[in-house]
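All heavy atoms count here, side chains included; hydrogens, waters and symmetry mates do not.
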Amino acid sequence: MMHLRAAAAVVLLAALTASPALAQVSAAITPTEVIKLFDGRSLANFETWLVDHHSNDPERVFSVVDQIDGAPAIRVSGQVWGGLLTRQAYRDYRLIVEFRWGGATWGDRKSRARDSGVLLHAQGRPGNTGKDFNGPWLRSIEFQIIEGGVGDILPVAGFEEDGTQIRPAVTTTTRKDRDGETVYDEKGAPNTLSSGRINWWGRSEDWADRLGFRGTQDVESPGFEWTRIEAVVEGGKLTYYVNGKLVNAASDSSFKDGKIMIQSEGAEIYFRRIELQPLQSR
């Protein structure tokens, strides 16, 4: 009997290692020291996911370049929609990401605002933003990266195998802007949302989906300069910073852990730093 139990344990361990879907049953990691998700050399801490291609990357959407502004970086071409998904799930951390745009844009976003994002608490089967599991992402909560809208919060819905759609929900304090859009306001009224977008507090009311857009209050770095974003997640709380400035916040998130996904969404973008820090670290 003991030999059978040991053999079963070995088989289960092998299955968890081999199958990303099964591996999601493992507990989320709470960082106790700095975890460099980008090690400066490889994509070893990530799995790739692309519409149609899934775990294959024939167009080399994701690569590591030796130097961009003098240091190694991950290049995401943006040519195919999808993302880099961490192999592990995490909870209760400070995520620090440094990015800058490249010059290439693709397809129907060729002349539109450069777009990407970081998905927090990504859960479920890859591709579950499509009912056929050929979607670009996973259900999650997004830290938006788009020209003029870096720091928006977006709940991203996804499907289960039985076709049930799951929508993450967050609570925040908001107001409505001139155009009726929802905007984060620390003095606003409490509001629980499971769809749409929560604009960061200074997003231009004249925002337009055009290449190179920049609003008068934007705090991300201009042009092709590097921007630092920071997401502090603790339990159901999420706090977003851009270049050290608080831009958005929410609480009572229905998602409290999950994987992290770096999006490919029609624009070339570089990442020179992607790391997790313990919450007590600053």
- Those residues that, when tested against Q263, pass side chain to side chain donor-acceptor pair (under 3.5 Å) (two or more places apart): none
- Message: With no hydrogens and no angle check, just 3.5 Å: does a side-chain donor-acceptor pair link D185 and T173?
- Response: no
- Item | Pairs satisfying ring-ring contact (aromatic ring centres under 6.0 Å, His included), at least one member in residues 90-114, at least two apart | F99-W101
- Query: So does R114 pair up with E147, basic N to acidic O under 4.0 Å?
  - Reply: yes
- R197/E181 salt bridge by N-O under 4.0 Å criterion: yes
- Query: Does anything in residues 245-255 pair up under side-chain hydrogen bond (donor to acceptor under 3.5 Å, both in side chains), and if so which pairs, sequence neighbours excluded?
  - Reply: none
- Query: When clusters are formed from ILVMFWY side-chain contacts under 4.5 Å, directly or step by step, what else is grouped with W226?
  - Reply: V65, I68, Y270
- Query: Which residues pass the side chain to side chain donor-acceptor pair (under 3.5 Å) test with D152, sequence neighbours left out?
  - Reply: R203
- For D39, what residues pass the side chain to side chain contact (heavy atoms under 4.5 Å, CB included) criterion, not counting sequence neighbours? R41, S42, A44
- Message: Once ring-ring contact (aromatic ring centres under 6.0 Å, His included) is applied, what residue pairs with a partner in residues 151-170 remain, sequence neighbours excluded?
- Response: none
- Item | V232 with V247, same ILVMFWY side-chain cluster at under 4.5 Å | yes
- Query: Among all residues two or more places apart in sequence or in another chain, which pass the side chain to side chain contact (heavy atoms under 4.5 Å, CB included) test with E161?
  - Reply: R125, F133
Give every donor-acceptor pair under 3.5 Å between a side-chain atom in residues 78-86 and any protein atom, sequence neighbours left out.
unit_1	atom_1	unit_2	atom_2	d
T86	OG1	Q88	O	2.8
T86	OG1	I260	N	3.0

- By side chain to side chain donor-acceptor pair (under 3.5 Å), D209 pairs with (sequence neighbours left out) R109
- Query: Cluster question for you: counting only ILVMFWY and a side-chain heavy-atom cut-off of under 4.5 Å, with indirect links fine, are V233 and F255 together?
  - Reply: yes
- Pair listing, side-chain hydrogen bond (donor to acceptor under 3.5 Å, both in side chains) test, anchored in residues 55-67, at least two apart: none
- Residues two or more places apart in sequence or in another chain: which of them pass salt bridge (charged side-chain N to carboxylate O under 4.0 Å, His left out) with R178? D206
